[in-house]
Amino acid sequence: VQLQASGGGLVQAGGSLRLSCAASGRTFSRYATGWFRQAPGKEREFVAAIKWSGGSTSYAGSVKGRFTISRDSVKNTVYLQMNSLEPEDTAVYYCAATVRNLITSSLWHDGSYDYWGQGTQVTVSS
C-alpha cells in the first residue's frame, strides 16, 4: 500500500484546511487509516482514525469537534477536514494505514500502522 498525503498549507487561526490521503496498491487489505501529526520538538501524536469497514471514527481529545475524518471508497482516499484551526495545530501531518484488525484504542498508537505516507506541513498563524 502506498499513501500520498496532500492539502497542507498556511492558514490563519480560525481557518480551515482539508488534507487528503490517497492510497494505491493493495488497498483492499486495509483495515483502518489514521492521521498523526508531529510538531517541532515534540513526539508524533494521534489525531484521528477511521475503519474502512463500517466507517467508525476515533479522535484525539484536542481535535474532537473541530476535525472530521472521512473516507471515499471509490477514490481510495481518506480526508481530514480541519476547522477552527489553532496555532497549536501547526505540525507535519502524516497518514498511515494498518492491515491488522485492531480494537479502536490500538489505532491511537503509531506502532499499530504498517504503511506511512510522506508528511504534509500545516502552519496556523495567530
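Note that these values count all heavy atoms, side chains included, but never hydrogens, waters or copies made by symmetry. Just so it is clear, the structure is predicted and the values come from calculations on it, not from any experiment.
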So do the side chains of [X] and [Y] get within less than 4.5 Å of each other, counting heavy atoms only?
X	Y	value
Leu107	Tyr113	yes
Met82	Val124	no
Lys51	Tyr31	yes

Decide side chain to side chain donor-acceptor pair (under 3.5 Å) for Gln121 and Thr123; before the verdict, give the C-alpha distance in whole Å, the side-chain angles of both, and the deciding distance to 0.1 Å.
CA-CA 6 Å; Gln121 176 71 47; Thr123 302; 3.3 Å; yes

Considering non-hydrogen atoms only, spot the tightest contact between [X] and [Y] and give its length.
X	Y	result
Ala48	Leu80	CB-CD1, 4.2 Å
Ala91	Ala39	CB-N, 3.8 Å
Phe67	Val47	CD2-CG1, 3.7 Å
Asp89	Ser84	OD2-O, 4.4 Å
Gln81	Ser16	NE2-CB, 3.9 Å
Ala23	Arg30	CB-NH1, 3.4 Å

In terms of hydrophobic clusters joined by side-chain contacts under 4.5 Å, are [X] and [Y] together?
X	Y	answer
Tyr94	Trp35	no
Tyr79	Val122	no
Tyr93	Leu3	no
Leu102	Val1	no

Hey, is the main chain of Ala5 close enough, under 3.5 Å, to the side chain of Gln118 for a donor-acceptor pair?
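Looks like yes, one N/O pair under 3.5 Å.
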
Walk me through it: do Val92 and Arg44 pass the test side chain to side chain contact (heavy atoms under 4.5 Å, CB included)?
CA-CA 9 Å; Val92 177; Arg44 187 162 56 189; over 6 Å; no

Kindly compute the distance separating [atom1] ([X]) from [atom2] ([Y]), expressed to the nearest 0.5 Å.
X	Y	atom1	atom2	result
Lys75	Ser73	NZ	OG	12.0 Å
Thr98	Asp110	OG1	CG	11.5 Å
Ser126	Gln12	OG	CD	9.5 Å
Cys95	Tyr115	SG	OH	14.0 Å
Ser53	Arg71	OG	CZ	8.0 Å
Arg18	Asn83	CZ	CG	11.5 Å

For the residue pair Thr33 / Trp52, report whether a side-chain donor-acceptor contact shorter than 3.5 Å exists.
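Yes.
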
Look at the rings of Phe46 and Phe36 and say which category their plane angle falls in: under 30° parallel, 30 to 60° tilted, over 60° perpendicular.
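Correct class here is perpendicular.
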
Working for side chain to side chain contact (heavy atoms under 4.5 Å, CB included), residues Arg37 and Leu19:
CA-CA 12 Å; Arg37 66 186 182 185; Leu19 305 183; over 6 Å; no

Does Tyr59 form a side chain to side chain contact (heavy atoms under 4.5 Å, CB included) with Ile50? I'd like the steps, not just the answer.
CA-CA 9 Å; Tyr59 296 92; Ile50 187 167; over 6 Å; no

